[in-house]
Amino acid sequence: MNWSDTTRLIVATILVVAYLALCGGIYLSERRKRRQALRDAAALRPAADGAQPWLIGYASQTGSAEQLAWQTARMLHTAGVPTRVTALSDISIDDLMQSERALFVVSTYGEGDPPDNASLFATKLMNAKQALSHLHFGVLMLGDSHYAHFCGFGHTLTSWLRKSGAQALFESIAADNGNTKALHTWQHHLSHLAGTADTPDWQAPSYQQWRLAARQCLNPDSAGAPTFHLELEAITDEAIWEAGDLVQVLAPADQERPREYSVASIPADGRVHLLVRQERREDGTLGIASGWLTEQALVGATIDLRLRPHSNFRLGDNQHRPLILIGNGTGLAGLRSHLKARAANGMQRNWLVFGERNAANDFYYRDEIMAWQNQGVLERADIVFSRDQEQRIYVQDKLREQAEQVRSWLAADAAIYVCGSLEGMAGGVEAALTDIIGSTGVEQLIEQGRYRRDVY
Ligand SMILES: Cc1cc2nc3c(=O)[nH]c(=O)nc-3n(C[C@H](O)[C@H](O)[C@H](O)COP(=O)(O)O)c2cc1C
């Protein structure tokens, strides 16, 4: 064996060992998660006497309703009431026929629409009256009264249950932005039903202090509103999050209404990155939260922030699949965190379809995106600038143009992640996908967890 053969052997051995260590790491982390899930389920297992579990269904986009559903289950469990917690889309008509008591914790999106993980339930079960006279139910409706259809889906669900003959255990409760009084009313009803004394209030979400470490305008001279890249450092606790997660920020001028932003970085960056567009109201004044983050707070200022796990938009089971990442404007934030995670994990089957106005001013993170293309982290990138040519083109037009590619990526088991504006983009993308793979195809993607959205 000559010298270069020995070197090759050493390098090959190191690569094999590194690969085995990586596989081992993934295996251990998956095993930890599985064990935690089993522990959660075991803690809430039905009582041995065969008592009928209460069904607790949640409809949740960004996790608040899901979290409250689990809190509800834990509280009932403590009182000796067995429960079964599940997303609305996983509830069948048989589940409802076999349950005597069901509690629903549901949020609302769009124009009074259900969150994605309830859309199948809404289209398949709620499209007709069912025979549910045996069922007793309670509904906690999460929403935001700034929207025209406040708690719209909660109300639609309540009236469908009533029309189907189910009996309300109490009036459905509307919680405006997680309002503590409404949550207390819900807890009070639960205690009463479970036959326990009122339990202590659930804690209002706690915020941590973060330092605004850097801020940069990404689109000087843009025809659109200024958009900023922000970097924040945790002052107190160690920060834990995953690609796809969100933050909630409290602006000093409005401590009642936190604003949500998608995180644009991964923990390995050491900082939470945000992509924030500066909003201006019609009278020319700055938006409360975006004005605070992009202008009034000085670099070095303390920001009240909390990280929110966004289970619907994390990679989860999709981490081994090819990804089609679609978005516009500040939606690039959520896609960037995924691309960073993919680059760190050596996953190269990624296709970015991103839209903004003009290449000259609005190509956020251009160098990074080009570098990902050169390094092969992005197998394909279609950056669409709507106003760089006579005829406006958008991400949905690009998808239609690339229909064959979309079909071939989906045939290779790809998952689709959409981040950005609800108005125009999200609906346009869904219509394009429906044209390309049919409505049954889209439904199947949703059912398989391969169509995830973080839209606002
Ligand atoms: C893009 C977007 C659209 C929303 N649309 C509505 C709406 O039409 N009506 C409403 O009451 N609340 C609306 N909300 C507020 C959510 O329902 C509310 O924040 C809820 O607590 C989210 O719960 P979740 O984390 O379980 O999804 C909207 C929130 C966002 C971000």
Side-chain angles (χ1 to χ4, degrees), residues 56-73 85-90 103-119 121-122 139-159 172-183 186 202 204-205 241 244-250 254 256-263 274-277 279 287-290 306-314 327-331 333-334 418-430 452-456:
I56 303 182
Y58 60 84
S60 183
Q61 192 72 26
T62 60
S64 318
E66 180 175 352
Q67 207 178 346
L68 285 167
W70 284 103
Q71 256 172 312
T72 299
V85 183
T86 176
L88 235 54
S89 283
D90 293 329
L103 298 171
F104 299 94
V105 187
V106 301
S107 65
T108 291
Y109 281 82
E111 293 177 349
D113 299 326
D116 288 343
N117 73 359
S119 59
F121 184 93
V139 184
L140 175 60
M141 314 185 287
L142 304 194
D144 180 335
S145 57
H146 289 81
Y147 288 94
H149 303 270
F150 176 48
C151 292
F153 179 62
H155 288 296
T156 311
L157 174 69
T158 305
S159 67
S172 294
I173 298 166
D176 191 357
N177 255 304
N179 174 284
T180 331
K181 203 161 147 247
L183 296 186
W186 174 252
W202 288 340
W241 76 92
D245 284 352
L246 301 162
V247 293
Q248 287 186 319
V249 173
L250 275 187
D254 187 358
E256 291 294 308
R257 252 189 99 210
R259 307 299 201 279
E260 274 172 358
Y261 299 94
S262 311
V263 178
L274 305 179
L275 187 52
V276 181
R277 193 181 303 270
E279 308 287 346
I288 291 182
S290 72
R306 78 183 184 113
L307 280 156
R308 295 282 319 276
H310 189 184
S311 51
N312 279 338
F313 203 65
R314 285 182 172 184
N328 68 342
T330 51
V418 184
C419 193
S421 48
L422 188 62
E423 215 168 287
M425 194 271 300
V429 166
E430 183 143 337
R452 308 290 186 105
R453 304 190 311 160
D454 175 10
V455 291
Y456 41 83

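Just so you know, ligand 1 is whichever comes first in the structure, and atom 1 is the first atom listed for that ligand. What's counted below: heavy atoms across the whole structure, side chains too, no hydrogens, waters or symmetry copies.
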Is the CD atom of E260 crowded by more than 12 outside heavy atoms at less than 6.0 Å?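 Count over threshold, so yes.
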
Salt bridge or not between D144 and R257? Use side-chain N to carboxylate O under 4.0 Å.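 Salt bridge flag = yes for R257 with D144.
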
Check ion pair R308-D245 (N to O, under 4.0 angstrom):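 No, this pair does not count.
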
Are side-chain N/O atoms of T86 and Y58 paired as donor and acceptor at under 3.5 Å?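 Side chains of T86 and Y58: no pair found under 3.5 Å.
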
With no hydrogens and no angle check, just 3.5 Å: does a side-chain donor-acceptor pair link E66 and S311?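 Yes.
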
Measuring from S421:OG to N328:CG, what's the distance to the nearest 0.5 Å?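 Atom-to-atom, S421:OG and N328:CG are 3.5 Å apart.
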
Ligand 1 polar-atom proximity to protein (N/O, under 3.5 Å):
residue: ligand 1; atom: 8 (O); partner: G110; partner atom: O; Å: 2.9
residue: ligand 1; atom: 9 (N); partner: H149; partner atom: O; Å: 2.8
residue: ligand 1; atom: 11 (O); partner: D144; partner atom: N; Å: 3.1
residue: ligand 1; atom: 11 (O); partner: C151; partner atom: N; Å: 2.7
residue: ligand 1; atom: 12 (N); partner: D144; partner atom: N; Å: 3.1
residue: ligand 1; atom: 14 (N); partner: T108; partner atom: O; Å: 3.3
residue: ligand 1; atom: 17 (O); partner: T108; partner atom: N; Å: 3.3
residue: ligand 1; atom: 17 (O); partner: T108; partner atom: O; Å: 2.7
residue: ligand 1; atom: 25 (O); partner: T62; partner atom: N; Å: 3.3
residue: ligand 1; atom: 25 (O); partner: T62; partner atom: OG1; Å: 2.5
residue: ligand 1; atom: 25 (O); partner: G63; partner atom: N; Å: 3.1
residue: ligand 1; atom: 25 (O); partner: S64; partner atom: N; Å: 2.8
residue: ligand 1; atom: 25 (O); partner: S64; partner atom: OG; Å: 2.8
residue: ligand 1; atom: 26 (O); partner: S60; partner atom: OG; Å: 2.6
residue: ligand 1; atom: 26 (O); partner: S64; partner atom: N; Å: 3.2
residue: ligand 1; atom: 26 (O); partner: A65; partner atom: N; Å: 2.7
residue: ligand 1; atom: 27 (O); partner: Q61; partner atom: N; Å: 2.7
residue: ligand 1; atom: 27 (O); partner: T62; partner atom: N; Å: 2.9
residue: ligand 1; atom: 27 (O); partner: S107; partner atom: OG; Å: 3.1
residue: ligand 1; atom: 27 (O); partner: Y109; partner atom: OH; Å: 2.8

